[in-house]
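Written below as structure tokens is the structure these notes are about.
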Amino acid sequence: MTAIVQNLVTSGVFELDGGSWDVDNNVWIVGDDTEVIVIDAAHDADAIADVVGDRALRAIVCTHAHNDHVNAAPALAERTGAPILLHPADRVVWDLTHPDRAPDGDLADGLTVTIAGTDLKVIHTPGHAPGAVCLHAPDLGVLFTGDTLFHGGPGATGRSYSDYPTIVKSIRERLFSLPDATSVRTGHGEGTTIGDEKAASKDWPES
């Protein structure tokens with residue numbers, strides 16, 4: 001059975017640099033009837049666990065460590081025994097939310113996470129955060145972008161640990177080489193495709 005993708009929207013607060021904003025987050029559950037991974041455990045461990053159900057949760061994969069993407073990760077890990085995986089360059093951001101609880105394993109560019117017979121390749125895409133990653137599932141025609149790429153362009157870069165030229169380089173060099181038909185599943189809001197964002201990118205400022 002090929003893996004399927006499920007979406008859960010959870011709500012909470014994003015906090016950074018002394019500010020706070022109400023946000024809705026996309027939590028992605030990828031797998032089959034027996035095993036899944038969770039991409040970005042946001043806000044509500046109980047709601048995520050309810051969707052996982054009696055399936056084995058193999059990993060909690062963090063696209064980056066802003067609090068609204070990882071605040072439910074430790075509780076979900078404790079409940080399920082699943083390891084939390086994060087790119088080590090984002091540990092400085094992780095520690096802002098969970099200073100007393102380290103991730104369990106490292107993500108790295110080129111690493112493959114396999115679930116339900118489906119491979120998801122880790123693509124390091126710094127810019128929104130230093131350890132931001134995307135996950136590409138070629139067999140599904142899907143790319144999970146966290147807050148790196150949205151419908152309408154790059155993720156925000158106006159706060160600590162972010163950089164606009166870096167995120168644009170990540171998108172242009174690492175993501176726009178994927179097939180145009182690739183479905184982009186984002187960290188917030190509606191999805192898009194690589195082709196649509198590539199076409200619109202001619203209007204992006206360069207700095």
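Numbers for residues simply follow the sequence, beginning at 1.
- Asp17 places no side-chain N or O within 3.5 Å of a backbone atom of Arg159 that could act as its donor or acceptor partner.
- Checked by atom type, the side-chain pair Asp40/Thr63 shows a donor-acceptor distance below 3.5 Å.
- Aromatic pair His64/His87: ring centres not closer than 6.0 Å.
- For the pair Val51 and Leu8, the minimum side-chain heavy-atom distance is below 4.5 Å.
- Taking 4.5 Å as the limit, some side-chain heavy atom of His128 sits within range of a side-chain heavy atom of His66.
- Screening Asp109, Thr125, Thr148 for a side-chain hydrogen bond (donor to acceptor under 3.5 Å, both in side chains) involving Arg174 leaves a single residue, Asp109.
- A donor and an acceptor atom, one from each side chain of Asp44 and Thr10, are nowhere located under 3.5 Å apart.
- Under 3.5 Å, the side chains of Thr192 and Glu197 contain a donor-acceptor pair of N or O atoms.
- In this pair, Phe176 and Trp204 present their aromatic rings tilted. The plane angle is within the 30 to 60° band.
- A donor atom on one side chain and an acceptor atom on the other are found under 3.5 Å apart for His43 and Asn71.
- Residues Asp33 and Arg55 are not paired through a salt bridge, judged by the lack of any N-O separation under 4.0 Å between the basic side chain and the carboxylate.
- Side chains of Asp147 and His69: a donor-acceptor N/O pair is present below 3.5 angstrom, by distance only.
- Of the possible polar contacts, one joining the His98 side chain to the Val70 backbone as a donor-acceptor pair under 3.5 Å is found.
- The side-chain hydrogen bond (donor to acceptor under 3.5 Å, both in side chains) check on Asp54 picks up nothing, with sequence neighbours excluded.
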